[in-house]
Undergrad: 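Can you read through this structure? Questions will come right after.
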Amino acid sequence: AIPGGGRFFGVQLIVQFRLAPTGTFMDRVVFVSMDTAEKMQQWQARHPGVGDPSFIAPLNVPQGAISAVFVKLNDGVNPDLAAQAISAQIPNVQVFTFNSLVRSASTRFAGLLSQFSISGALVWGGAVLLVSATTSLAINERKAEFGLIRALGATKNFIRRLVTTQTIIVTGVAGSLGVLGGLVL
């Protein structure tokens, strides 16, 4: 829904079509015609320094200047060929096809995924070291208890299972609390 009844910079916007959600910044973009953009610039020229509505900063695009133009191609037209034709005909213009934007985003997300993988591996390694140190301290502290249990007839296998079960329970509870704390934060 467009806030404020759809009136921006003196022009009433009427929704003609909604694009399918992409999960990107494009979901928060409003596309207007060149005539509508010109009317908005004329309103801003009559009301300098005033935003409309109050939460939007004043337009700072000089009249006649265009920051972006989206071109809708007819079915079957090759976007790469259309981009080449536009670049050849209009000097000092940058042309991007949807595929080039997707490739650029994919490349950047792949880099982020790589960084998250490295960070995750480092955190996992640190967690393993911390659990190992904690388990080692717990075992050393309970040597006398284990000796007593062994004297009563427990096998080494029983002691191993006891320590393993304790470690799994402690790390499971601590990990769950950590995840819960992370979600709360």
Side-chain angles (χ1 to χ4, degrees), residues 1-6 8 13 15 17-32 51-61 67-71 78-80 83-84 87 93-185:
I2 298 175
F8 290 95
L13 301 181
V15 176
F17 184 77
R18 290 190 188 275
L19 297 174
T22 62
T24 66
F25 73 95
M26 293 295 283
D27 294 342
R28 294 189 178 133
V29 172
V30 176
F31 298 98
V32 296
D52 181 42
S54 60
F55 62 88
I56 297 178
L59 291 175
N60 62 0
V61 180
S67 63
V69 174
F70 289 86
V71 178
N78 183 331
D80 294 321
Q84 290 173 0
S87 294
V93 71
Q94 291 180 329
V95 181
F96 301 100
T97 62
F98 182 72
N99 288 339
S100 69
L101 292 174
V102 168
R103 275 192 305 272
S104 174
S106 294
T107 302
R108 291 175 190 205
F109 285 134
L112 279 175
L113 182 60
S114 170
Q115 289 177 352
F116 284 137
S117 297
I118 292 169
S119 298
L122 290 173
V123 168
W124 182 80
V128 166
L129 290 174
L130 186 62
V131 167
S132 299
T134 305
T135 302
S136 176
L137 288 172
I139 289 171
N140 283 336
E141 198 171 292
R142 296 177 63 195
K143 274 186 181 179
E145 180 184 335
F146 293 143
L148 181 61
I149 294 173
R150 288 273 296 153
L152 293 174
T155 63
K156 285 185 179 182
N157 236 1
F158 177 80
I159 301 293
R160 261 190 220 109
R161 283 195 314 263
L162 184 68
V163 170
T164 302
T165 304
Q166 176 188 351
T167 303
I168 289 172
I169 290 171
V170 168
T171 57
V173 169
S176 299
L177 290 174
V179 169
L180 182 65
L183 289 174
V184 168
L185 290 177

Undergrad: Would you compute the distance between atom OG1 of T155 and atom CZ of R160 and round it to the nearest 0.5 angstrom?
TA: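 Output value for this atom pair is 8.5 Å.
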
Undergrad: Nearest 0.5 Å, please: how far is CG in N157 from CG in L162?
TA: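 L162 CG to N157 CG: 12.0 Å, rounded to 0.5 Å.
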
Undergrad: Nearest 0.5 angstrom please: T164 OG1 to I159 CD1, how far?
TA: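 Rounded to the nearest 0.5 Å, the OG1-CD1 separation comes out at 11.0 Å.
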
Undergrad: Just how far is it from atom OG of S136 to atom CG of L129, taken to the nearest 0.5 Å?
TA: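 Those atoms lie 12.0 Å apart.
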
Undergrad: Just verifying a value: how many Å separate I168 CD1 and R161 CZ, rounded to the nearest 0.5 Å?
TA: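 Answer rounded to 0.5 Å: 12.5 Å.
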
Undergrad: How long is the straight-line distance from CD of E141 back to CD1 of I139, given to the nearest 0.5 Å?
TA: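 So the CD1 of I139 and the CD of E141 are separated by 11.5 Å.
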
Undergrad: Shortest non-hydrogen contact from K156 to R150?
TA: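 Of all heavy-atom pairs spanning K156 and R150, the closest is N-NH1, 3.2 Å.
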
Undergrad: With I118, which residues qualify under side-chain contact (heavy atoms from CB on, under 4.5 Å), at least two apart?
TA: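 Once residues adjacent in sequence are excluded, the partners of I118 under the side-chain contact (heavy atoms from CB on, under 4.5 Å) criterion are S114, L122.
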
Undergrad: Keeping the roles fixed (side chain from S104, backbone from S100), state whether a donor-acceptor pair exists under 3.5 Å.
TA: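 Between the backbone of S100 and the side chain of S104 there is no qualifying donor-acceptor contact (under 3.5 Å).
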
Undergrad: Does S119 use its side chain to pair, donor to acceptor, with the backbone of Q115 at less than 3.5 Å?
TA: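 Yes; judged by distance alone, with no hydrogens or angles, the pair exists.
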
Undergrad: Which atom pair, heavy atoms only, marks the closest approach of P79 to T97?
TA: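 For P79 versus T97, the nearest heavy atoms are O-CG2, 3.6 Å.
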
